[in-house]
Amino acid sequence: MTDALAPVASLPGVEDAVADARKAVDRLLGHRILRRRSAEVSTESALRGARASAVLEGATVTLDELRSTENPTDPIVQGSLRVSAELGALTETWRQAPRQVLARLHVLAAADAVDRDLLGRPRAEDAEVDDPLKLGEAPPPAEVAARLDMLSGLLTTPTKAPALVVAAIVHGELATLRPFGRGDGLVARAAQRLTLVARGLDPKSLAAPEVGHLELSADYADALRAYASGTPEGLATWIRHCAAATAAAARDSQAICEALMRG
């Protein structure tokens, strides 16, 4: 059986970037506070991740506002919080039926933004497509359907590619395909995090890659455009960006650990 993703890990700069991210995550996982307070770190990481993903999708919200507002009115923020809250329950299904999880993620992300009969369904030919990152025209529905099938096949086929490489491909495909037309960025970033959890890089979901993407937001859209180019160089650029974002997320969660240590 051909391992379609394994060669991707050998693209220029990818191996070193993935190794650096892995070291950052391992440093986080080794923090002594996690022996008794890992749930608190995961909870705080989830809130930060939800906020970061919402901001990348075009919302304006601070962490303090999220902590003090019980029912935010912005549909993007509402969707991001719902997605973040349910990720843990979707991990096992993601390993076996990724298309089912993608539909569920869209229901969570866009419940307040689109008609109910459109939730969880790939967009039609005439559907409007949000483009908060200014990526340009989205691929047509027929191409979206074919590439979603291919992505699902890749996710359910064994590979020797590192978890971070697989997660980057998942994020890049969903963010550039924009399969649903609304809330796709929230879905893409959640799917990246799910992949990192399901494939064992961050099994307790302690680091929020969304936070890293926001920290590196000046390069985020350009890196996605590089991925969309379909060239090996563009793919390598995107994976290196995802690796840097994951490392930044691990450092952010390390800071959460240190704050808990200080009381």
Side-chain angles (χ1 to χ4, degrees), residues 5 8-25 27-28 45 48-63 76 80 83-84 109 129-139 151 161-179 183-196 201-202 206-255:
L5 292 177
V8 177
S10 300
L11 290 172
V14 167
E15 184 176 357
D16 288 343
V18 168
D20 288 345
R22 175 87 224 195
K23 289 176 185 175
V25 173
R27 281 194 295 272
L28 167 64
S45 170
R48 293 185 185 212
R51 182 256 170 183
S53 195
V55 171
L56 288 167
E57 200 70 1
T60 302
V61 65
T62 67
L63 275 173
I76 295 175
S80 190
V83 166
S84 182
V129 181
D130 283 354
D131 189 15
L133 297 173
K134 304 295 186 288
L135 298 178
E137 187 175 355
L151 181 63
L164 203 149
V165 169
V166 180
I169 297 297
V170 168
H171 185 162
E173 279 292 283
L174 295 172
T176 56
L177 287 178
R178 284 160 281 168
D184 294 298
L186 300 181
V187 172
R189 289 182 287 274
Q192 177 188 353
R193 188 166 187 173
L194 261 179
T195 305
L196 296 177
L201 181 69
D202 181 18
L206 296 167
E210 307 95 324
V211 170
H213 289 299
L214 182 60
E215 182 176 320
L216 303 174
S217 59
D219 301 320
Y220 182 52
D222 284 343
L224 275 170
R225 292 187 194 100
Y227 176 87
S229 72
T231 65
E233 295 80 8
L235 181 54
T237 294
W238 170 244
I239 296 172
R240 292 195 301 267
H241 170 87
C242 286
T246 301
R251 290 191 294 270
D252 185 71
S253 291
Q254 186 92 12

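Note that these values count all heavy atoms, side chains included, but never hydrogens, waters or copies made by symmetry.
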Check against side chain to side chain contact (heavy atoms under 4.5 Å, CB included), L224 and T176: CA-CA 7 Å; L224 275 170; T176 56; 4.1 Å; yes
Minimum-distance pair of heavy atoms, taken over all atoms of [X] and [Y]:
X	Y	value
L133	R225	O-NH2, 3.1 Å
L201	T246	CD2-CG2, 4.3 Å
I169	Y227	O-OH, 3.7 Å
V129	A138	CG1-CB, 4.0 Å
A50	S80	O-OG, 2.6 Å
A175	L135	O-CD1, 3.6 Å

With a 4.5 Å limit on heavy-atom distance, are the side chains of [X] and [Y] in contact?
X	Y	answer
V170	L151	yes
L216	H241	yes
L174	Q192	no
V8	V14	no

Got a second to check how far [X]'s [atom1] is from [Y]'s [atom2], nearest 0.5 Å?
X	Y	atom1	atom2	answer
R178	D131	CZ	CG	4.5 Å
H213	D219	NE2	CG	12.0 Å
S53	L186	OG	CG	4.5 Å
L206	L196	CG	CG	12.0 Å
L194	D202	CG	CG	11.5 Å
T231	W238	OG1	CH2	14.0 Å

Single hit among R189, R48, R193 for salt bridge (Lys or Arg N to Asp or Glu O under 4.0 Å) with E210: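 It is R193; the other options fail the test.
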Contacts of type side chain to side chain contact (heavy atoms under 4.5 Å, CB included), residue P162, not counting sequence neighbours: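 Expected list: A9, V18, V165.
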Donor-acceptor contact below 3.5 Å, side chain R27 vs main chain R251: no
T195 (side chain) donor-acceptor with A191 (main chain) under 3.5 angstrom: yes
